[in-house]
> 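Please find one structure pasted underneath; my questions will follow.
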Amino acid sequence: MALMTGEDGTDNVFEKGKGGSMVRRIIHIDEERCNGCGACAAACHEGAIGMTDGKARLLRDDYCDGLGDCLPECPTGAISFVEREAAAYDEAAVLAGKEKRTKEQGAKEQRAADGQASLQPEAGAGGYKVQSRLTQWPVQIKLAPIRAPYFEGAKLLIAADCTAYAYGSFHQDFIRGKIVLIGCPKLDAVDYREKLTQIIRENDIKSVAVIRMEVPCCGGLEMAVKKALQGSGRDIPCQVVTISIDGKKLDR
């Protein structure tokens with residue numbers, strides 16, 4: 001028998017199974033209810049949850065400690081506890097996995113910050129392939145978690161959906177070195193202020209840049225960001241860049 005204290009303060013007894021496994025409490029993800037926002041994966045400090053084909057999945061039983069930090073972060077209630085036979089929680093494997101992910105993330109960020117390979121000749125095409133500068137997922141404001149490790153110390157770029165299509169060098173000129181959130185106040189028909197206020201207030205955001213189109217509906221995005229900054233109580237520098245419908249940066 002093994003004893004573990006759960007997030008509710010109760011002690012749970014688990015029966016050992018075959019091959020180092022035991023019947024214990026572990027999370028279950030309902031893929032039908034999962035909307036792919038990634039909030040649970042960001043909340044899981046052990047790295048037990050990952051995103052596959054747009055859905056959250058439990059990647060390794062032995063990474064899940066059964067305490068459920070991910071449960072309150074799920075906006076659709078797709079995560080629950082079940083008791084089943086599963087590999088025992090392996091703290092050593094979790095720590096090794098964290099170290100590996102930290103190194104991989106550091107290498108990824110370095111590649112994103114390195115401008116040497118921003119334009120690479122495409123073999124046989126006679127043109128150039130533009131390197132993506134995106135370093136996190138999801139990017140939609142509606143799907144983004146309130147708290148995530150990538151928000152800490154971030155330079156936040158909040159862009160209207162259309163800007164990346166209108167401005168040809170969007171990745172190179174705007175995304176490089178930034179965390180990206182996108183949205184369209186007209187199509188989404190939501191007020192982004194509350195969520196953006198929470199993101200800015202609850203994370204160590206260093207700066208905010210707003211990229212919008214010249215069309216009037218994009219004014220809603222700019223206003224939402226400015227109101228969010230005011231509501232957060234944070235004194236953070238904010239820059240607004242406007243793109244014309246023919247793909248040029250406009251002076252304002």
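Positions are given from 1 along the sequence.
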> Check this for me: M223, atom CE, are more than 12 non-hydrogen atoms of other residues, nucleotides or ligands nearer than 6.0 Å?
no
> Taking atom CD as the centre, does E202 end up with more than 12 heavy-atom neighbours from other residues, nucleotides or ligands that are less than 6.0 angstrom away?
yes
> Please check if the side chain of R57 supplies one atom and the backbone of T52 the other of a donor-acceptor pair under 3.5 Å.
yes
> If you look only at pairs with a residue in residues 229-240, which of them pass as a side chain to side chain donor-acceptor pair (under 3.5 Å), with sequence neighbours excluded?
none
> For side-chain contact (heavy atoms from CB on, under 4.5 Å), just list the numbers for E194 and L196, CA-CA rounded to whole Å, side-chain angles, deciding distance to a tenth of an Å, and then say yes or no.
CA-CA 6 Å; E194 182 177 352; L196 291 175; over 6 Å; no
> Kindly say whether C184 contributes a backbone atom to a donor-acceptor pair with the side chain of Y192 at under 3.5 angstrom?
yes
> Taking atom NZ of K100 as the centre, does the number of heavy atoms from other residues, nucleotides or ligands within less than 6.0 Å exceed 12?
no
> Kindly determine whether D65 and V94 satisfy side-chain contact (heavy atoms from CB on, under 4.5 Å), including the steps that lead there.
CA-CA 10 Å; D65 58 13; V94 169; over 6 Å; no
> Using only atom types and a distance under 3.5 Å, with no angle test, would you say the side chain of E152 pairs donor to acceptor with the backbone of N203?
no
> Does a side-chain heavy-atom distance below 4.5 Å link F151 with I179?
yes
> Under the side-chain contact (heavy atoms from CB on, under 4.5 Å) rule, what do I243 and K249 come out as? Steps first, then yes or no, please.
CA-CA 5 Å; I243 306 298; K249 283 193 288 187; 3.7 Å; yes
> Passes side-chain contact (heavy atoms from CB on, under 4.5 Å), I141 versus L221? Steps please.
CA-CA 11 Å; I141 297 173; L221 181 64; 4.3 Å; yes
> Salt-bridge test for E31 and K55: reply yes if a basic N is under 4.0 Å from a carboxylate O, no otherwise.
no
> Where the side chain of R212 meets the backbone of G220, is there a donor-acceptor pair that is under 3.5 Å apart?
no
> Regarding R147 and E73, does a basic nitrogen lie under 4.0 Å from an acidic carboxylate oxygen?
yes
> Mind checking whether T163 and V241 have side chains closer than 4.5 Å, heavy atoms only?
no
> Can you confirm whether V225 sits close enough to V240 that some side-chain heavy atom of one is under 4.5 Å from a side-chain heavy atom of the other?
no
> Taking only Lys NZ, Arg NE, NH1 and NH2, and the carboxylate oxygens of Asp or Glu, determine whether K186 and D161 approach each other closer than 4.0 Å.
no
> Is there a side-chain contact between T242 and M213 (heavy atoms, below 4.5 Å)?
no
